[in-house]
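Structure first, then comments.
Letters A, B, ... mirror the listed sequences (proteins, then strands); counts begin at 1.
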Amino acid sequence: MKPVTPTITPDMVRQHGMTLEEFRRIQDLLGRAPNVTELGIFSVMWSEHCSYKSSRYYLKKLPTEGPRVLQGPGENAGVVDIGDGMAVVFKIESHNHPSFIEPRQGAATGVGGILRDIFTMGARPIALMNSLRFGAADHPRTRFLVNGVVDGISNYGNCTGVPTVGGEIYFDPCYNGNILVNVFCLGLVPSDKIFLGNASGVGNPVIYFGSKTGRDGIHGASMASSEFDESSEEKRPTVQVGDPFAEKLLIEACLELMNEDWVVGIQDMGAAGLTCSTFEMAGRGGTGIDLELSRVPKREEGMTPYDILLSESQERMLVVVHKGMEEEALALFHKWDLDAAIVGEVTDKPVVRIFENGNEVVNLPVELVVDGALDLKRPTKKPGYLQKVDHVNLADVPDLARGDETLKKLLASPNIANKHWVYEQYDHMVRLNTLGLPGSDAAVLRVKGTKKALALSVDCNSRYCYLDPFHGAQIAVAECVRNIVCSGGGPIGLTNCLNFGNPEKPEIMWQFEQAVSGMGEACKFFNIPVVSGNVSLYNETIGEAIYPTPTVAVVGLLEDRTYHTTQWFKEEGDLVGLIGLTMEELGGSEYLSVMCERVEGKPPYLDLPLARTINNLCLSLIKDGLAVSAHDCSEGGLGVALAESCISHPHAPTGAVLDVESTIRNDACLFGESQSRILVSFSAESRTAVEEKAKAVGVPFKVIGKVGGDSLVVNVNGEEFINEEVSHLKKLWMGALESYVR
Amino acid sequence: MIIRPEMLAKIHITFKNGVLDPQGKAVHHALKDLGYDEVSGIQMGKYLEVRMEGVSREEAEPRVKEMCEKLFANTVIESYRFTLDS
Amino acid sequence: MIIRPEMLAKIHITFKNGVLDPQGKAVHHALKDLGYDEVSGIQMGKYLEVRMEGVSREEAEPRVKEMCEKLFANTVIESYRFTLDS
Amino acid sequence: MNCGVVVFPGSNCDHDCFHILKHVFKLHTEWIWHKGDMDLSRFDLIVLPGGFSYGDYLRAGAIAQFSTVMKDVIRFAESGGRVLGICNGFQVLVEAKLLPGALIQNNTQKFICKTVPVRVENTSTAFTGECAGESVLNIPIAHHQGSYFIDPDGLRQLEENRQVVFRYCGPSGEVTDEFNPNGSVGNIAGIINEAGNVMGLMPHPERCADPAWPNLDGQLIFKSIIKSLQSGVSA
Ligand SMILES: Nc1ncnc2c1ncn2[C@@H]1O[C@H](COP(=O)(O)OP(=O)(O)O)[C@@H](O)[C@H]1O
Ligand SMILES: [Mg+2]
């Protein structure tokens, strides 16, 4: 060790975001005090972001296995088999804190990070999605943040040539001080050519490649592990700038490299940079690594070992190749104009030793760093607010005599408005796979060389989760699955991004525990393995937490791509049927929020067995060629779903006349958000066949009207309730989002 | 006729020290390929000219500063400087 | 030790007259929205700093001119000007 | 018929163009790597694909025009070989001065990805012969710097020589501001050189040429090229 190492003071420990208990634990297990560089390493590796110390205990409740699962959680991303010798690799990840500080670069580097997680495993990234949450649409910062985030995603995704095929965007005051930027990526890989991030084979060289290391992003991981306060300004120089061009080269170079038999293990440098990839690769390989920092390509002069090891410069990778193949590998990287250097070697003792010009500056046992953080079983406590909000008194909400104005207001509300302002900024077609473009329930991509297609959807209604995190999380899973089903697919895997407040507060931990339990139960019920995920805690500003937001992304498979179905009505004269039950449920609805500014009540009841039967029915109607459109009812209920089925057609909107029978309040009938409802349309000749199928499985089903005309007309119990020209509705719905964010 | 004072603010925005400049990097690379070996470094930045009417230098100064901080520069990663000509 | 002369070229690239500057227009618009009514016009351009080693001012001048014409500016739409500091 | 698809660092529609030529039209198709110093004379068609060559840094296409392969492409074009530049490929062609004008940032300030109608202004070129009678095609655009600019003199020349091949238009062919997605002068979406062998366009015909999608309008352009080459008529 260098003798000049300053002794570590309690202040330094705190500045590194560690508790004194944790520091004592390090000292005890290490048998000595760490030096400053080592302290830095512990601080990032034991941070919430890297160690999952608050969440790991609960995450065990999620089902992670299934016959298709080739790789569950623990690697850079999960892998699910889709047959035909192919597999999909996918994951979702958050970049919330950086995007709040610098929306454009924060979001861009979020895309970069998730892309690397996918191609690290040998997969060609073929689709991106994003789940975005901003503060109130009229909050002064929202416009700036939305524009920056969307621009950042657009720029990075488009430049790397990976289509952004779907996503979601919500506005709610609970995100005023903490926006959420969750990015999902899916890649395609031959199922026998999956690469893992492990360093094995003593004597094998460790190669660094990609961009040079600068001083950027030092301590990003620990930033993501603490709340925002006024001093977050100070943390600003840690913002990284993304270089999508470098990333594109990195993708191509990696995939070319993986065509060869040279690679032993490979991992990107994400949060905690070189440190994390070195320790994790050694950890998975059960080996050690010797690293020489003077060989690391650097962008700046005078970087200390601390800087180099903790830098979060983007677009960098670490690979272990078979000994003797290093020159070939380097030549390949240079072909792609990437910096590359042999920086180390795999050793047999499970210790990472790091040298600077031959002087040892770090010497740490791998296991202590990678797995040493104690799982905290943090206390939980049911939050007091629930008592105030978990019921809704409709006595002072007069029922609606007509629904036209409400429908228009909902269609023009930012959460329901059409999102083309966002997705037209994304190249969603490149690579020629996108059969189902953004604008329907799920994105659908063909799998070249097979008959198959993939369906992707990302979802979470965080208002429901605020009112009841257990059922809210279940609903998120169910809705995502329903989106897949409406598009003609069946779910095969799930990934999640759990965005919550400060886990040190028992109330937040309670939300977390409830949401994970609910999600786990729903996944078990639907038989969907959770193969990857991400946890983002400390989404709080000055003590104000966001609504619990357990975002889920579900990947579905269409055995035949001709099953692909869209949400809009197709032909005049087709009949419209509603599968499912409408109950008097207004709790947590968009209607209550937009029309009455109330966030209260219980989220709608989710009957899992009924949801499954309905999904099966819908799928079989699609597969038998009976249903020509299918759309699930979500925010805004039946009324909005009907309007969307009329107006979301990419060319011409079409009207419909519906006759609804109801024994409940009008507002609940049209704008309540009862779960597991799907609108389908089919030709008049198919009516008997459809009705018989529904009857056979005992699912509530009613033909409620007919496609045609220029207006959406809804009669309730024989009385006209809505009558609006569809061209007018379309204009409102298409133009609304832009009017808020531009 | 009243002559309204005119001010011209010339604003330069560049990346802060240590922040990656991907454009500069790519352009530098291209110059090397073209044989400009004497070039040892490139910084890419933005340049704005803002014309203002009816304001004195004293009035213009804080306004331009404000525009830079609010809109032109992203002070998290960029720094700015400006001059005022009349 | 030989001291190698260092030159710094500061290059400004702006749109030619008659070419619509969409970015400038958008920024102007945004400024109006923010209440900067005194602003009467905006021009957006690029700013490059090119550091050169081992060249004199006389050598640097034509080289920089060449870089501008060849690469930095598209003379169909843009004009450039530069200064050299040592 | 031999086709070559150029791969610049940052090209990202190269696979798509390759796929359409090779797997949909079953043409012999090869990759052309940007660093190669090669004789292109055995090719009948060179495609410069879309993407972000060199990150589109500085200006789209600015750096790519100097890559080694462009010297060969210029030579190929000058000797009458057929060159098709799509999106970024179009940007490279104007930067390399194989086509007149320039492409600047969209007046919307945003990247735009959507399918738009374009009117075929000249159906007698080697790239559009099959479009006769189908004068409005629906083709996706996906670009940030797609606003075509040329000075009034240049525009007059283009018009006189019938070099404007595509214009953005409405569903029934209306060429008006309302249907100009990006601020291009004269709604111009694609042009050809005077000799008629080099065409550049911002819309992506390769994105509507695969039978997996209902819209096959882009096929007309590829079919036109094949037909004109088969008939041996020089451009
Ligand atoms: N941030 C986004 N990025 C890309 N596409 C988006 C985004 N937000 C919404 N979309 C697309 O807009 C359509 C409607 O989204 P949404 O209203 O969330 O649908 P649903 O209610 O069915 O989940 C979907 O096709 C979705 O993929
Ligand atoms: Mg849906």
Which of [options] touches chain D most, by non-hydrogen pairs under 4.5 Å:
options                                    : result
Cys159(A), Ser154(A), Gly161(A)            : Cys159(A)
Gln425(A), His651(A), Glu247(A)            : Gln425(A)
Thr562(A), Asp243(A), Thr160(A), Val150(A) : Asp243(A)
Leu435(A), Leu249(A), Leu437(A)            : Leu435(A)

Task: Asn12(D) side-chain N/O to Asn158(A) backbone N/O, donor-acceptor pair under 3.5 Å - done: yes
TODO: Check whether any side-chain N or O of Trp213(D) sits under 3.5 Å from a backbone N or O of Leu432(A) as a donor-acceptor pair, and report yes or no.
DONE: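 It does not hold such a pair.
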Does atom [atom1] of [X] have more than 12 heavy-atom neighbours from other groups under 6.0 Å away?
X         : atom1 : value
Lys570(A) : NZ    : yes
Lys227(D) : NZ    : no
Asn259(A) : CG    : yes
Lys731(A) : NZ    : no
Lys193(A) : NZ    : yes

- [ ] Give, as side chain, backbone, both or neither, the part of Arg431(A) having an atom under 4.5 angstrom from any heavy atom of chain D.
- [x] both
Quick one: does [X]'s side chain get under 4.5 Å of [Y]'s, heavy atoms only?
X         : Y         : value
Glu424(A) : Phe111(D) : no
Cys113(D) : Met429(A) : yes
His15(D)  : Lys448(A) : no
Asp151(A) : Lys110(D) : no

Open item on the list: Check this for me: does any side-chain nitrogen of one of Asp427(A) and Lys114(D) sit under 4.0 Å from a carboxylate oxygen of the other?
Closed with: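 No, Asp427(A) and Lys114(D) are not salt-bridged.
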Open item on the list: Between Asp210(D) and chain A, with a heavy-atom cut-off of 4.5 Å, which part of the residue counts as in contact: side chain, backbone, both or neither?
Closed with: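 When you check distances to chain A, only side chain atoms of Asp210(D) fall under 4.5 Å.
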Task: Under 4.5 Å from a heavy atom of chain A, the part of Thr108(D) involved - done: neither
- [ ] For each of His144(D), Lys35(D), Glu206(D), His23(D), tally heavy-atom pairs with chain A at distances under 4.5 Å, and name the one with the top tally.
- [x] Lys35(D)
- [ ] Hey, could you give me the OH/CZ distance between Tyr54(D) and Phe245(A), rounded to the nearest 0.5 Å?
- [x] 7.0 Å
TODO: Determine the minimum heavy-atom distance between Ala212(D) and Arg446(A), stating which atoms define it.
DONE: CB-NH1, 3.6 Å
